[in-house]
K.L.:
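Below are the structure tokens for one structure; questions will follow.
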There are 2 protein chains.
Amino acid sequence: MTSNTPARPPGRPRTGVNAVVFAATLSTVHELGYARATVERIAAAAGVAKSTVYRRWPSKGALIVDCLLDAFGPAPLEGTSRAELMSSTIRWIAAKIAEPGVGDAFAGVFSDAVSDPALREILSTRLQDPYRLALQDALGEPENRVLFFIDVVVGVLLHRMGMTGGPMVDADVTALVEMVLAHFADGPGQA
Amino acid sequence: MTSNTPARPPGRPRTGVNAVVFAATLSTVHELGYARATVERIAAAAGVAKSTVYRRWPSKGALIVDCLLDAFGPAPLEGTSRAELMSSTIRWIAAKIAEPGVGDAFAGVFSDAVSDPALREILSTRLQDPYRLALQDALGEPENRVLFFIDVVVGVLLHRMGMTGGPMVDADVTALVEMVLAHFADGPGQA
DNA sequence: GAGTATCGATACCTGAAGTCGCGAAACTCT
DNA sequence: AGAGTTTCGCGACTTCAGGTATCGATACTC
């Protein structure tokens with residue numbers, strides 16, 4: 001244990017502007033949409049130089065993913081029964097995606113990932129995997145079933161967002177909950 | 001009925017290269033991905049000038065939408081029972097999206113539409129509405145239920161495509177069919 | 001033959017992602 | 001105190017893609 005206390009590396013420390021940049025990202029995406037929310041505009045909204053943003057995130061997509069991670073936070077995973085747990089998780093995701101800027105940012109980075117394998121890797125590893133593992137643990141379901149669950153919930157919400165420009169209304173979220181609950185009611189085991 | 005036979009408008013008629021451009025679009029998108037499939041490259045692959053493409057389609061998104069319309073064609077709507085009809089429709093969409101280039105193009109134009117209201121209008125009106133109306137008629141379901149059906153099927157398939165880079169495996173398509181069928185089994189009427 | 005709309009080719013404009021280099025500031029270590 | 005290191009803001013720069021405009025040539029209709 002010779003170097004167990006890195007204390008602080010030499011050089012000027014980074015200013016604590018990550019939270020400000022995340023807030024500026026969401027508000028800029030919310031106002032202008034994903035494509036017009038350029039890194040330059042986001043940086044200006046945060047009161048920060050563009051080079052500062054690129055010093056911390058390698059690409060616009062990586063910035064968005066980190067911003068989404070910050071916006072979502074850890075999954076609540078509340079509920080005593082499997083049904084309650086799934087229901088609350090779905091409603092939690094729906095509510096988060098409905099927050100101003102979050103859905104637009106999510107759909108935007110998602111579509112960028114289609115033709116960008118590096119970004120797809122970031123999206124899958126940094127954003128999807130933590131929630132996937134937490135759900136596997138909480139639900140006791142195998143990986144492929146949880147991935148299917150995520151595909152259904154997030155896919156439906158993003159498709160509605162992309163087609164209409166707005167979040168899904170509550171009645172349809174309820175229908176989504178009922179449909180998913182019925183499919184997963186029989187517990188782990190089937191394909 | 002004075003001008004009931006427009007016959008052919010004056011000027012040089014357009015050459016019949018639409019089909020060639022569509023094929024070039026899909027193959028280019030398949031090879032390079034949506035973002036790198038520039039209009040210039042697509043035109044070159046079709047043996048056509050870029051200006052010719054822009055003379056026929058106002059934007060890249062409109063070209064992609066027309067290309068998808070051509071690739072999908074009319075919905076089969078086969079099956080005697082409601083369950084068979086839904087099942088065959090879902091498998092038909094899944095198979096189409098799995099065709100080389102189609103899924104990438106779909107996901108790409110979809111994500112572009114998120115921050116482009118004009119493109120969203122084109123996507124919704126030209127691509128979604130025809131199939132929505134046909135499904136409303138064939139299933140006897142109200143608009144909001146059919147929209148939910150489309151959200152589920154297309155949303156799930158595109159989310160899988162965007163996250164993994166490849167189409168959904170057959171076992172998961174089967175799970176999707178079962179889940180949707182169970183939800184819509186009770187027929188029209190509930191929310 | 002006059003008029004019109006297409007064709008290919010090419011040059012151009014705009015905007016956005018990402019890079020680079022600069023001098024200044026804020027730290028740590030000696 | 002001073003050397004070394006890293007960040008900061010600022011701005012110029014490169015690259016690339018969507019889209020526009022202009023050109024002479026071509027293929028039609030009237």
Side-chain angles (χ1 to χ4, degrees), chain A residues 2-3 5-18 20-21 24-25 28-29 31-65 67 105 108-109 111-116 118-119 122, chain B residues 2-3 5-18 20-21 24-25 28-29 32-67 105 108-109 111-116 118-119 122:
Chain A
T2 55
S3 63
T5 42
R8 199 188 292 170
R12 176 176 178 171
R14 291 191 163 174
T15 54
V17 292
N18 278 28
V20 183
V21 173
T25 300
T28 305
V29 169
E31 286 172 17
L32 307 175
Y34 181 79
R36 288 195 198 170
T38 69
V39 175
E40 208 150 23
R41 266 191 263 255
I42 292 172
V48 153
K50 187 172 74 159
S51 49
T52 298
V53 173
Y54 276 105
R55 214 171 273 122
R56 299 180 184 213
W57 295 277
S59 67
K60 177 182 175 179
L63 164 64
I64 301 284
V65 170
C67 180
V109 74
S111 56
D112 276 3
V114 173
S115 48
D116 185 341
L119 180 55
I122 293 176
Chain B
T2 53
S3 63
T5 43
R8 199 186 295 168
R12 174 176 180 172
R14 291 190 165 175
T15 54
V17 292
N18 279 27
V20 183
V21 174
T25 300
T28 306
V29 168
L32 307 175
Y34 180 79
R36 288 195 199 171
T38 70
V39 176
E40 208 150 24
R41 265 191 263 254
I42 292 171
V48 152
K50 187 171 78 160
S51 47
T52 298
V53 173
Y54 275 106
R55 213 173 276 120
R56 300 180 184 214
W57 295 277
S59 66
K60 178 182 176 179
L63 164 64
I64 301 285
V65 170
D66 267 18
C67 181
V109 73
S111 54
D112 274 5
V114 173
S115 48
D116 185 341
L119 180 56
I122 293 176

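Below, chains carry the letters A, B, ... as their sequence lines are ordered, and counting in each starts from 1. Values below: all heavy atoms of this structure, side chains included; hydrogens, waters and symmetry mates excluded.
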K.L.:
If you define the side chain from C-beta out and look only at heavy atoms, does anything of A/V39 sit under 4.5 Å from A/W57?
P.N.:
no
K.L.:
Calculate the interatomic distance between B/L119 atom CG and D/dG18 atom P; express it in whole Å.
P.N.:
13 Å
K.L.:
Mind calculating the distance between OH (B/Y54) and C1' (C/dT10) to the nearest angstrom?
P.N.:
16 Å
K.L.:
Without decimals, in angstroms, what is the distance between B/L32 CG and D/dC16 P?
P.N.:
14 Å
K.L.:
Verify the neighbour count for atom CZ of B/R14: are there more than 12 heavy atoms of other residues, nucleotides or ligands below 6.0 Å?
P.N.:
yes
K.L.:
So do A/V53 and A/L63 actually touch side chain to side chain, heavy atoms under 4.5 Å?
P.N.:
yes
K.L.:
Quick check: closest heavy atoms across A/A45 and A/T28, and the distance to 0.1 Å?
P.N.:
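In this case the closest contact between A/A45 and A/T28 is CB-OG1, 3.8 Å.
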K.L.:
Hey, which of these two, B/P58 or B/T38, hits DNA chain D nearer its 5' end, going by closest nucleotide?
P.N.:
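So the residue in question is B/T38.
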K.L.:
In whole angstrom, give the distance that lies between atom CG of A/L63 and atom P of C/dA17.
P.N.:
10 Å
K.L.:
What does nucleotides 4-15 of chain D look like as a protein-contact string, B for base, S for sugar-phosphate only, - for none, at under 4.0 angstrom between heavy atoms?
P.N.:
-BBBBBB-----
K.L.:
Return the set of residues passing salt bridge (charged side-chain N to carboxylate O under 4.0 Å, His left out) with B/D116 (not counting sequence neighbours), or none when no residue passes.
P.N.:
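So B/D116 forms no salt bridge (charged side-chain N to carboxylate O under 4.0 Å, His left out) with any residue.
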K.L.:
Just how far, in rounded Å, is C1' of C/dT19 from CH2 of A/W57?
P.N.:
18 Å
K.L.:
Round to a whole Å and report the spacing from CG of A/D112 to P of C/dA16.
P.N.:
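Value for this atom pair: 14 Å.
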K.L.:
What is the distance, rounded to the nearest whole Å, between atom CZ of A/R36 and atom C1' of C/dT14?
P.N.:
13 Å
K.L.:
Could you give the distance from OG (A/S59) to CD1 (A/I122), rounded to the nearest 0.5 Å?
P.N.:
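Rounded to the nearest 0.5 Å, the OG-CD1 separation comes to 5.0 Å.
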K.L.:
Send over the distance from B/K60 NZ to D/dG18 C1', rounded to a whole Å.
P.N.:
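It is 9 Å, rounded to the nearest whole Å.
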